[in-house]
Amino acid sequence: MENDISFNLQTKTVRLNSGYDMPIVGIGTYSLTGATCVNSVSTALQNGYRLIDTAYMYHNEREVGEGIKKSGVPREEIFVITKLYPSQFNDAEKSINEALEKLDIDYIDLMLLHHPGANDVKAYKEMEKAVREGKIRSIGLSNWYIKELESFLPQITIMPALVQNEIHPYYQENEVVPYIQSKGIVVQAWYPLGGRGHQKELLNDKVLKEIAQNHNKSVAQVILRWDIQKEVVVIPGSSNPAHIKENIDIFDFELTAEEMQKIASLERNEKHDWY
Ligand code: NAD
């Protein structure tokens, strides 16, 4: 039997196939740089977040590390995800060491390959080695779909703990999500609110607004709760303290089966980014 990846709504965590527990709501840091990134990370941590998503490509790993120190929250309570970009795959060992140096948090909780690309299997094997060396605790993939997983998985040793893909009510990945979960791999949504530039339309969706009113919650909270009820981890991005607080305040209400169905019917297969 596959490992159990059901969400624990008391602890607000999920146990990865690597044996580590990961929070099911976190903050995404794409497009947050400099002091904005430091402050967003520390604000999130001071407001109960324990999961942070960054990447080499976001050019902010150093600032994420600074935000962690600034928050005063002990490092061991925090779960940090970062990613190797395809341009780094050919020399992944060096890139892993650089990420460790920039983050300055002793070890990386979870490292993902950001996209499929040349040398991705080679890079993954370097991450496997880093797991054995204690530099990384868990490893996974981002922007991998069914076809890509079917050819990738037979070539590697450590099963990915998590796959991070674009998921929101207008792009639900209704076949991909259960496929990944059936392998005991946790699914995480990027662009949960539709992504920068697209969030306005989603946050003004009539169906979502009506559901939000039923619960006295915001549309953002309804979308994030919908993910959680589908056992999909969320990492909404924001530098606005009010939004940061709002986005983790999703554990005091529950969407009905009918509301979940209404949101399912919003699917448009509308991708908001190219990968
Ligand atoms: P998002 O969908 O999380 O947010 C979109 C916009 O919504 C932002 O402009 C934000 O200001 C706004 N917003 C946030 N909370 C709000 C609220 N409560 N009310 C109203 N507006 C709100 O988009 P994102 O931040 O780009 O994506 C989330 C995270 O996913 C990123 O930060 C990054 O960590 C990750 N990501 C990963 C990939 C990948 O390829 N793996 C790609 C894109 C993003």
Side-chain angles (χ1 to χ4, degrees), residues 12 22-88 94-112 114-115 135-137 142-143 162 164 166 168 188-200 202-203 218-221 223-224 233-250 272-273 275:
K12 301 169 190 166
M22 186 185 80
I24 54 179
V25 179
I27 183 165
T29 66
Y30 168 57
S31 83
L32 303 178
T33 53
T36 307
C37 180
V38 176
N39 292 333
S40 304
V41 167
S42 66
T43 301
L45 290 170
Q46 284 162 357
N47 284 283
Y49 285 72
R50 292 294 179 268
L51 172 66
I52 304 159
D53 180 67
T54 179
Y56 165 78
M57 205 48 194
Y58 304 166
H59 307 293
N60 63 9
E61 286 169 310
R62 219 174 274 287
E63 287 80 2
V64 165
E66 280 174 35
I68 290 171
K69 290 189 191 78
K70 185 177 174 186
S71 74
V73 174
R75 189 277 170 259
E76 59 275 13
E77 287 185 20
I78 303 170
F79 194 106
V80 178
I81 304 175
T82 193
K83 315 182 193 85
L84 289 181
Y85 209 66
S87 58
Q88 301 180 293
K94 180 169 149 256
S95 303
I96 292 166
N97 290 335
E98 280 170 9
L100 280 163
E101 187 270 319
K102 285 190 211 155
L103 285 161
D104 191 24
I105 50 173
D106 296 331
Y107 58 90
I108 291 165
D109 293 279
L110 171 62
M111 184 171 245
L112 311 177
H114 209 142
H115 296 277
K135 293 178 180 177
I136 305 176
R137 289 191 163 176
S142 182
N143 302 302
L162 177 145
Q164 185 186 106
E166 177 175 349
H168 46 75
Q188 185 172 47
W190 60 258
Y191 277 2
L193 305 179
R196 275 163 208 275
H198 291 280
Q199 84 275 14
K200 271 221 174 85
L202 192 54
L203 296 183
S218 70
V219 169
Q221 288 170 322
I223 296 171
L224 299 171
V233 176
V234 286
I235 43 166
S238 179
S239 56
N240 174 334
H243 287 164
I244 291 174
K245 285 179 202 160
E246 183 182 318
N247 293 344
I248 201 168
D249 181 17
I250 56 171
H272 289 171
D273 227 320
Y275 29 79

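- A search for side-chain contact (heavy atoms from CB on, under 4.5 Å) contacts involving Glu98 returns Lys94, not counting sequence neighbours.
- The two residues His272 and Gly194 come nearest to each other via the heavy atoms ND1-O, 2.8 Å.
- Between His168 and Pro192 the shortest heavy-atom distance is CB-O, 3.5 Å.
- Rounding to the nearest 0.5 Å places NE2 of His59 at 10.0 Å from OG1 of Thr54.
- Residues passing the salt bridge (charged side-chain N to carboxylate O under 4.0 Å, His left out) test with Lys135, sequence neighbours excluded: Glu133.
- The line from CD1 of Ile105 to CD1 of Ile68 is 5.0 Å long, rounded to the nearest 0.5 Å.
- Here the closest non-hydrogen pair linking Ser238 and Ile244 is O-CD1, 3.5 Å.
- Side-chain contact of Lys102 with Tyr56: a donor-acceptor pair under 3.5 Å is absent, judged by distance alone.
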Enumerate, atom names and distances included, each donor-acceptor pair closer than 3.5 Å involving a side-chain atom of residues 35-45, sequence neighbours excluded.
| residue | atom | partner | partner atom | Å |
| --- | --- | --- | --- | --- |
| Asn39 | OD1 | Lys70 | NZ | 2.5 |
| Asn39 | ND2 | Ala35 | O | 3.2 |
| Ser40 | OG | Thr36 | O | 2.6 |
| Ser42 | OG | Val38 | O | 3.3 |
| Ser42 | OG | Asn39 | O | 3.3 |
| Thr43 | OG1 | Asn39 | O | 2.7 |

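- No option in Leu51, Val64, Ile52 other than Leu51 meets the side-chain contact (heavy atoms from CB on, under 4.5 Å) test with Ile81.
- Contact record, Ser71 with Gln46: O-NE2, 3.5 Å, taken as the closest heavy-atom pair.
- Here the rule is salt bridge (Lys or Arg N to Asp or Glu O under 4.0 Å) with Arg75, and of Asp104, Asp109, Asp106 only Asp109 fits it.
- Side chain of Glu77 to main chain of Arg50: no donor-acceptor pair is present (N/O by atom type, distance under 3.5 Å, no hydrogens or angles).
- Legend: residues meeting side-chain contact (heavy atoms from CB on, under 4.5 Å) with Asp273, ordered by chain and number and at least two apart, are Glu166, Trp190, Tyr191, Tyr275.
- Between Tyr49 and the choices Ile78, Val73, Ile235, Ile248, the side-chain contact (heavy atoms from CB on, under 4.5 Å) rule is met once, by Ile248.
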Side chains of residues 24-34: which donor-acceptor pairs under 3.5 Å do they make with residues two or more places apart or in other chains?
| residue | atom | partner | partner atom | Å |
| --- | --- | --- | --- | --- |
| Thr29 | OG1 | Asp53 | O | 2.7 |
| Thr29 | OG1 | Asn60 | ND2 | 3.3 |
| Ser31 | OG | Arg196 | NE | 3.0 |

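- In this structure Tyr107 satisfies the ring-ring contact (aromatic ring centres under 6.0 Å, His included) test with no other residue, sequence neighbours excluded.
- Taking CD1 of Ile108 as the start and NZ of Lys83 as the end, the distance is 12.0 Å to the nearest 0.5 Å.
- Interatomic distance, CD1 of Ile223 versus CG of Leu202, reported as 4.0 Å (0.5 Å rounding).
- With rounding to the nearest 0.5 angstrom, the CD atom of Gln164 is 5.5 Å from the CG atom of Leu112.
- Rounding to the nearest 0.5 Å gives a distance of 6.5 Å between NE2 of His114 and CG of Asn143.
- Considering every non-hydrogen atom in both Ala55 and Thr82, the closest pair reads CA-OG1, 3.4 Å.
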